[in-house]
Protein chains: 2
Amino acid sequence: MARGHVVTGTGLDRVAALGAELVPRRELWADVSSKTARKLVRAGVETFATRGFHGTSLRDIIAGTGLSTAALYVHFRSKEELLFEISHRGYTVSVEIVDAASAMDDPVEALQVLMYAFVRWQAEHHTVARVVFYQNDALNAEHRDALLVLRRDAERKVRVLLRRGIVAGAFADGDVRGIGAALLSLGIDVARWYGPRPSGSPDELGRLYSVLALRAVGVLD
Amino acid sequence: MARGHVVTGTGLDRVAALGAELVPRRELWADVSSKTARKLVRAGVETFATRGFHGTSLRDIIAGTGLSTAALYVHFRSKEELLFEISHRGYTVSVEIVDAASAMDDPVEALQVLMYAFVRWQAEHHTVARVVFYQNDALNAEHRDALLVLRRDAERKVRVLLRRGIVAGAFADGDVRGIGAALLSLGIDVARWYGPRPSGSPDELGRLYSVLALRAVGVLD
DNA sequence: GTCTATAGGAAGATAGAC
DNA sequence: GTCTATCTTCCTATAGAC
């Protein structure tokens, strides 16, 4: 590539190292109440991701778990609540990544690390992410609203970071709302297309997207 | 903004004018065989977009059309075929936009016009686009494969354009496959978030994204 | 081409035994 | 906490009259 430190890679190793720290390594479903509930959550993720919430029956979910459909109701109030459990966890992770990256001093580095960590997580957990970001319409109003709060929070924090970069003279002045939305959009959409035969590893994708993020904000180098 | 002709807007009016010509103005469902079939297609678009294919019943579709569920089977072999009719049209439009833009001489202008036209179409027809790009899993294997051919075609043509820009010395050398995917990803995802209360008009969004496309390829200016 | 009526099956959720 | 059995509702698709 041609343009300065943005793409020569020296900085990218550092971004990848810092970003990798922000990607939660703890078992994703550690907070789920019981072992059986976790089994159902994992089965729900797989089936919801491939057939969608409405395309998935209880019998699809329990297939392979050795459980009955009735067992689900011991651990969740409904099929919809199982979906919410999954979605809420995903949104929480996203907000945590945005928070941790935003806490960094240098806005340039913060933006790169944010994008790297988010995209890497989306790629590594693309099955989970597909459910988290593409099945919101199947939730009831209360649950949908709860996630909307988290989403708005993440969006706002990205805009704050962008403004910080502009004030610091690191990013070009511009449409903060539009560019912020585009950056998150880019990251979320990874879950849609990143499939079983991906064109690059989560790390490689994170590196590329961290560069694209800098270019999008018109980093002045 | 700060960096040269890319963002100062002089060129953007020209991009918008050229791009607007590529956005099909013909009635989207003009090719659908009969008036009643068109009515069903339109109803299908609305319901599939809000509740998804599997979340939509035949009774949801026909509600408000004055037709019965049986009427649908006169015009389509199944609910799935109705979805395919919609999806196929959307993919066709996308390929047409990519084709028309790719035919332009200057790769910089071609890329901008491509992004402008595609994003503007996605925003203007976000209801249709939601169905086209987010319900493919509900199609049968044969229909899914037919769309995959069109999708691959569009992806390949975008990569050809990117390489043309690199060879011409207009774009920075780089990860053509990854950046091409990211550009399409950015455009497609508009359909997911562009809702009833959008933050900008389709034209404004197209302009912004045409600038982001240039930045993504590292236009050397 | 449209309707009413319905077949035939699968859906989400619950009852009650263990 | 888990099961089997089942309730009730809703689903896609078809039959047959007009």
Side-chain angles (χ1 to χ4, degrees), chain A residues 29-87 131 135-144, chain B residues 29-87 131 135-144:
Chain A
W29 312 116
D31 289 345
V32 176
S33 51
S34 77
K35 205 160 186 168
T36 308
R38 271 193 292 280
K39 198 193 287 189
L40 286 166
V41 163
R42 268 187 272 265
V45 166
E46 291 306 316
T47 49
F48 291 159
T50 50
R51 318 160 81 90
F53 178 80
H54 293 297
T56 301
S57 71
L58 295 181
R59 288 156 185 86
D60 290 333
I61 297 172
I62 55 106
T65 62
L67 294 164
S68 69
T69 61
L72 192 144
Y73 290 87
V74 175
H75 302 277
F76 303 95
R77 259 196 283 275
S78 65
K79 181 182 147 190
E80 191 267 353
E81 204 188 66
L82 173 61
L83 172 62
F84 179 68
E85 187 77 28
I86 296 164
S87 303
V131 178
Q135 302 296 326
N136 291 346
D137 291 347
L139 293 167
N140 66 37
E142 189 189 354
H143 284 158
R144 216 171 27 237
Chain B
W29 312 115
D31 290 346
V32 177
S33 52
S34 77
K35 205 161 188 170
T36 307
R38 271 193 291 280
K39 198 194 287 188
L40 286 166
V41 163
R42 268 187 271 265
V45 166
E46 292 305 316
T47 48
F48 291 159
T50 49
R51 317 160 83 89
F53 178 80
H54 292 297
T56 301
S57 70
L58 296 180
R59 289 164 181 84
D60 291 333
I61 298 173
I62 56 104
T65 63
L67 294 164
S68 69
T69 61
L72 193 143
Y73 291 86
V74 175
H75 303 276
F76 303 94
R77 260 195 282 273
S78 65
K79 182 182 146 189
E80 190 267 353
E81 203 190 66
L82 172 61
L83 172 62
F84 179 68
E85 186 78 29
I86 296 164
S87 303
V131 178
Q135 303 295 325
N136 291 347
D137 291 345
L139 293 166
N140 65 37
E142 189 189 354
H143 284 157
R144 218 171 24 238

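What you are looking at is a predicted structure, and each value in this text was computed from that prediction instead of being measured. Per chain, numbering begins at 1; letters A, B, ... match sequence-line order.
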Using a cut-off of 4.0 Å on non-hydrogen atoms, how would the nucleic acid contact of [X] be classed: base, sugar-phosphate, or nothing?
{"X": "B:Ser34", "result": "nothing"}
{"X": "A:Thr65", "result": "nothing"}
{"X": "B:Ala70", "result": "base"}
{"X": "B:Gly66", "result": "sugar-phosphate"}

Ignoring backbone atoms, test whether [X] places a side-chain nitrogen or oxygen under 4.0 Å from the OP1 or OP2 oxygen of [N].
{"X": "A:His54", "N": "D:dC11", "value": "no"}
{"X": "B:Ser57", "N": "D:dC11", "value": "yes"}
{"X": "A:Thr36", "N": "D:dG1", "value": "no"}
{"X": "B:Ser68", "N": "C:dT2", "value": "no"}
{"X": "B:Arg59", "N": "D:dC11", "value": "yes"}

>> Which label fits A:Phe84 and A:His143: parallel for a plane angle under 30°, tilted from 30 to 60°, or perpendicular past 60°?
In response: parallel
> Whole-Å distance between D:dA13 C1' and B:Ile61 CD1?
Replying inline: 13 Å
> So do A:Phe76 and A:Val41 actually touch side chain to side chain, heavy atoms under 4.5 Å?
Replying inline: yes
>> Are A:Thr56 and A:Ile61 packed together at the side-chain level, in the sense that at least one heavy-atom pair is separated by less than 4.5 angstrom?
In response: yes
> From C:dG1, D:dC3, D:dT12, pick the nucleotide closest to the side chain of B:Val74?
Replying inline: C:dG1
> Which of the following nucleotides, C:dT14, D:dT2, C:dG12, is nearest to the side chain of A:Leu67?
Replying inline: D:dT2
> Got a sec: does the CZ of A:Arg42 have more than 12 other heavy atoms crowding it under 6.0 Å?
Replying inline: yes
